[in-house]
Participant: 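Below: one structure in structure tokens.
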Amino acid sequence: MRLLMMSDTHLPKRARELPAPLLAEVPEADVVIHAGDWVDTATLDLLQDRARRLLAVYGNNDGPALRARLPEVARADLGGLRLGVVHETGPAKGREARCAARFPDLDVLVFGHSHIPWDTTAGTGLRLLNPGSPTDRRREPYCTYLTATVTDGRLDAVELHRLPPRGGPPGPSAPSTS
């Protein structure tokens, strides 16, 4: 099962549209995951139309229209992998312990908010992933998103993808983090 993970798209404030390389990945994924801060409902509509399955939450910048359509926390069993999605997890310091206590029933938690890619594992085995942002890199050198596969209830082949600067060639993919 192929996963495509993104967060913090902030459309149309940070960009006019989702980057073409990311959009090309949507129909290839079995599950598209969005960890909040959409800002517009058009992006939600677009992903719902193009994705085979969408697992998504609202973020702190999402207004009433998005909050009416999306939960604060989403959970799914993906081929035996217990995956959850939430926008905010609090400060980086203590994140693993805090999330392990809040989500003891999950194997993987995808989150957003910081726009900073993150891949760590809590002492309990909970894997925490933040795909960064495909449209607003903030202090990061690249805009990013994640892909991964689920095989026999395990998360495999986690890859951070760097998007090209607007109007430039793509940056190299980061090494696999799994």
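No hydrogens, no waters, no symmetry mates; every other heavy atom, side chains included, goes into these values. Numbering of residues begins at 1 and proceeds along the displayed sequence. A quick note: this is a predicted structure, and the numbers were derived from the prediction, not measured.
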Participant: For residues His10 and His115, establish whether the separation of their ring centroids is below 6.0 Å.
Facilitator: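 Between His115 and His10, which both carry aromatic rings, the centre distance is below 6.0 Å.
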Participant: Using a strict threshold of under 4.0 Å (side-chain N to carboxylate O), is an ion pair present between Arg82 and Asp77?
Facilitator: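 Result for this pair is no, no salt bridge flagged.
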Participant: Verify the cluster assignment for Leu81 and Phe103: are they in a single hydrophobic cluster under the rule of side-chain heavy atoms below 4.5 Å apart?
Facilitator: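 No.
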Participant: Among Thr9, Thr43, Asp8, which one satisfies side-chain hydrogen bond (donor to acceptor under 3.5 Å, both in side chains) with His34?
Facilitator: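 The residue from Thr9, Thr43, Asp8 that satisfies side-chain hydrogen bond (donor to acceptor under 3.5 Å, both in side chains) with His34 turns out to be Thr9.
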Participant: Taking atom CZ of Arg52 and atom CE of Met1, what is their separation to the nearest 0.5 Å?
Facilitator: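 Here the interatomic distance stands at 10.5 Å.
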Participant: So do Val39 and Leu66 actually touch side chain to side chain, heavy atoms under 4.5 Å?
Facilitator: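 Contact flag for Leu66/Val39 side chains = no.
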Participant: Any donor-acceptor pair under 3.5 Å linking the side-chain atoms of Arg95 with those of Thr89?
Facilitator: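 Arg95 and Thr89 do have a side-chain donor-acceptor pair below 3.5 Å.
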Participant: With the side chain counted from C-beta on, respond yes when Leu54 and Leu44 share a heavy-atom pair under 4.5 Å apart, and no when they do not.
Facilitator: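 Yes, close enough: below the 4.5 Å cut-off.
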Participant: Nearest heavy-atom pair of Gly79 and Val150: which atoms, and what distance?
Facilitator: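 Closest approach of Gly79 to Val150, heavy atoms only: O-CG1, 4.4 Å.
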Participant: Can you list the steps and then say if Leu126 with Val108 is a side-chain contact (heavy atoms from CB on, under 4.5 Å)?
Facilitator: CA-CA 6 Å; Leu126 173 67; Val108 176; 5.5 Å; no
Participant: Are Leu11 and Tyr145 connected in the hydrophobic side-chain network, where two residues link if heavy atoms are under 4.5 Å apart?
Facilitator: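 Leu11 clusters together with Tyr145.
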Participant: Look at the side-chain heavy atoms of Ile, Leu, Val, Met, Phe, Trp and Tyr, link any pair under 4.5 Å apart, and say whether Phe111 and Leu47 land in one connected group.
Facilitator: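 In one cluster: no.
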Participant: For the side-chain contact (heavy atoms from CB on, under 4.5 Å) test, which of Val85, Leu109, Leu146 pairs with Leu129?
Facilitator: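 Only one of Val85, Leu109, Leu146 forms a side-chain contact (heavy atoms from CB on, under 4.5 Å) with Leu129, namely Leu146.
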Participant: Can you confirm whether more than 12 heavy atoms, excluding those of Gln48, are under 6.0 Å from its CD atom?
Facilitator: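 Counting other residues, nucleotides and ligands, CD of Gln48 exceeds 12 neighbours.
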Participant: Show, in sequence, the C-alpha distance, side-chain angles and deciding distance for Arg53 and Val32, and conclude whether the side-chain contact (heavy atoms from CB on, under 4.5 Å) test is met.
Facilitator: CA-CA 6 Å; Arg53 180 177 179 187; Val32 174; over 6 Å; no
Participant: With side-chain contact (heavy atoms from CB on, under 4.5 Å) as the test, pick out the partner of Val110 among Val86, Ile33, Val57.
Facilitator: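 So the option named by the test is Ile33.
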Participant: Side chains of Asp156 and Thr149: is there a donor and an acceptor less than 3.5 Å apart?
Facilitator: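 Absent: no donor and acceptor within the cut-off.
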Participant: Does the side-chain contact (heavy atoms from CB on, under 4.5 Å) test come out yes or no for Ile116 and Arg138, once each step is laid out?
Facilitator: CA-CA 8 Å; Ile116 299 171; Arg138 290 207 180 149; over 6 Å; no
Participant: Counting N and O atoms only, with roles assigned by atom type, does the side chain of Arg98 sit under 3.5 Å from a partner on the main chain of Lys93, one being a donor and the other an acceptor?
Facilitator: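 Between the backbone of Lys93 and the side chain of Arg98 there is a qualifying donor-acceptor contact (under 3.5 Å).
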Participant: Honestly curious: do Leu160 and Leu83 fall in one hydrophobic cluster under the side-chain, below-4.5 Å linking rule?
Facilitator: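 In one cluster: yes.
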Participant: If every non-hydrogen atom of Ala56 is compared with every non-hydrogen atom of Ala74, which pair is closest and at what distance?
Facilitator: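 The answer is O-CB, 3.8 Å.
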Participant: Would Leu18 and Val26 count as a side-chain contact (heavy atoms from CB on, under 4.5 Å) if you check the C-alpha gap in whole Å, the side-chain angles of each, and the deciding distance to 0.1 Å?
Facilitator: CA-CA 11 Å; Leu18 291 175; Val26 171; 5.9 Å; no
Participant: Salt bridge between Arg127 and Asp107, side-chain N to carboxylate O under 4.0 Å?
Facilitator: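 Asp107 and Arg127: not salt-bridged.
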Participant: Quick one: pull up CG in Asp45 and CG in Asp40 and give me the separation to the nearest 0.5 Å.
Facilitator: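 Separation between the atoms: 8.5 Å.
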Participant: Considering all heavy atoms of both residues, which atom of Pro19 and which atom of Pro134 are nearest to each other, and what is their separation?
Facilitator: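 Minimum heavy-atom contact is CG-O, 3.2 Å.
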Participant: For the residue pair Pro71 and Val73, establish whether any side-chain heavy-atom pair is separated by less than 4.5 Å.
Facilitator: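 Side-chain contact under 4.5 Å: no.
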Participant: Applying salt bridge (Lys or Arg N to Asp or Glu O under 4.0 Å) to Asp62 and Arg67, what does each step give before you reach the verdict?
Facilitator: CA-CA 7 Å; Asp62 295 328; Arg67 289 172 186 248; over 6 Å; no
Participant: Distance check, rounded to the nearest 0.5 Å: Leu3 atom CG versus Met5 atom CE?
Facilitator: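 The CE atom of Met5 is 5.0 Å from CG of Leu3, to the nearest 0.5 Å.
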Participant: Is a donor from one side chain sitting under 3.5 angstrom from an acceptor on the other, for Ser7 and Asp37?
Facilitator: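 On atom types as modelled, these side chains do not qualify, holding no pair under 3.5 Å.
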Participant: Working to the nearest 0.5 Å, report the span between CG of Asn130 and CG of Leu128.
Facilitator: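 Asn130 atom CG to Leu128 atom CG measures 9.5 Å (nearest 0.5 Å).
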Participant: In Å, rounded to the nearest 0.5 Å, how long is the span from NE2 of His161 to OG1 of Thr144?
Facilitator: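 It is 10.0 Å, given to the nearest 0.5 Å.
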Participant: Would you call Asp105 and Arg75 a salt bridge, taking side-chain N to carboxylate O under 4.0 Å as the test?
Facilitator: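 Salt bridge flag = yes for Arg75 with Asp105.
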Participant: Measure across Val158 and Ala148 and return the closest heavy-atom pair with its distance rounded to 0.1 Å.
Facilitator: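 Distance-wise, the nearest heavy atoms are CG2-CB, 3.9 Å.
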Participant: Treat each ILVMFWY residue as a node, draw an edge where side-chain heavy atoms are under 4.5 Å apart, and state whether Leu106 and Leu55 are in one component.
Facilitator: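 Shared cluster, no.
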Participant: I need the Arg2 CZ to Thr147 OG1 distance, nearest 0.5 Å.
Facilitator: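 Output value for this atom pair is 4.5 Å.
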Participant: Any side-chain heavy atom of Pro131 within less than 4.5 Å of one from Pro117?
Facilitator: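 Side chain of Pro131 against side chain of Pro117, heavy atoms only: no contact under 4.5 Å found.
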